[in-house]
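Reading through the structure tokens given below for one structure.
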Amino acid sequence: MKDEKDTPITLMQERNGPPVIMLVGSTDLLVVGFEGNNGQQEDLVTEVLEARSKKKANAAAGPLKARFAKVPDKAVALLVGGVPDQMKRELGFAFQALPTGVTAFIEREQKGLDVQFEATMANAEDAGKFVQKAGVLRKDGIKAIRDEMQNPRQPNGPPIPFLAMINLLEGLQVQDKDDKVQARTFVPDGLIQQVMSSWMTFGARDFDR
């Protein structure tokens, strides 16, 4: 299919269920779908394409307008919205308090990615609980990585960037202010390249099998 400007659009979907992946020309990758396999995915695709062509107002003009306003123009990725009920149930065991909404974005810097996150909590008390739990999880994560470093590696296995992963967690800044939780970290290009290299190596092994 093509849009009104004759830009080719490729749709990829499995068994008419979510998500629907749309490749628009050579510039845009869109992933859309109703949660829980409910709703007409085709209608959502049409709505998204109409918003893209400015026939309809996009999400930045709706209830999320204030959140979108916090995302800088040079962001290369963003996440804005509420927390789905399913995610609340899945994360409820780890966090006593969960956000009612989130705003996250990534900016490209000279040597890596600047990742920023803001969550709106029900109140200041919940914000404090969230930050406290995040601190515990960060400490546990660093310990788990250090423990894994002591285990023998598979022969001819890809190098795992343990120290870079530890540095990433240690550099993660998390703080609360009123009913908001703010987090920020920097992901260096070297770590991204190492993770991708390890993933491709493991993927190639699985394919050979």
Is it true that atom CD of Q182 has more than 12 heavy atoms of other residues, nucleotides or ligands lying nearer than 6.0 Å? yes

Mark yes when over 12 heavy atoms from residues, nucleotides or ligands other than N151 sit less than 6.0 Å from its CG; otherwise mark no. yes

In terms of hydrophobic clusters joined by side-chain contacts under 4.5 Å, are [X] and [Y] together?
| X | Y | result |
| --- | --- | --- |
| L113 | L168 | yes |
| V80 | V102 | no |
| V71 | I106 | no |
| I192 | V76 | yes |
| F117 | L64 | no |

Where the side chain of D178 meets the backbone of K180, is there a donor-acceptor pair that is under 3.5 Å apart? no

Strictly distance-based, threshold 3.5 Å: is any side-chain N or O of T100 a donor or acceptor partner for the main-chain N or O of T120? yes

Which distance, rounded to the nearest 0.5 Å, do you find between the [atom1] of [X] and the [atom2] of [Y]?
| X | Y | atom1 | atom2 | answer |
| --- | --- | --- | --- | --- |
| F130 | E125 | CZ | CD | 15.0 Å |
| L78 | Q116 | CG | CD | 12.5 Å |
| L172 | I142 | CG | CD1 | 9.0 Å |
| T10 | L29 | OG1 | CG | 11.0 Å |
| E148 | K143 | CD | NZ | 12.0 Å |

Can you list the residues that meet the salt bridge (charged side-chain N to carboxylate O under 4.0 Å, His left out) rule with R108, with sequence neighbours excluded? D189

Can you check side chain to side chain contact (heavy atoms under 4.5 Å, CB included) on E118 and V181, steps first, answer last? CA-CA 6 Å; E118 182 182 88; V181 173; over 6 Å; no

If you compare all heavy atoms of [X] against all heavy atoms of [Y], which two are closest, and at what distance to 0.1 Å?
| X | Y | value |
| --- | --- | --- |
| L191 | P161 | CD1-CG, 3.7 Å |
| R138 | E170 | NH1-O, 4.4 Å |
| V131 | Q175 | CG2-C, 3.8 Å |
| V174 | A183 | CG2-CB, 4.1 Å |
| F105 | K70 | CE2-O, 3.7 Å |
| A127 | M121 | CA-CG, 3.6 Å |

From CA spacing to verdict: side chain to side chain contact (heavy atoms under 4.5 Å, CB included), L49, I9: CA-CA 10 Å; L49 292 177; I9 299 175; 3.8 Å; yes

Check whether any side-chain heavy atom of [X] sits under 4.5 Å from a side-chain heavy atom of [Y], and report yes or no.
| X | Y | answer |
| --- | --- | --- |
| V48 | V20 | no |
| L163 | M149 | yes |
| D114 | R184 | yes |

In sequence, state the C-alpha distance, the side-chain angles, and the governing distance for I166 and R146, and then conclude on side chain to side chain contact (heavy atoms under 4.5 Å, CB included). CA-CA 8 Å; I166 291 174; R146 293 191 185 280; 3.7 Å; yes

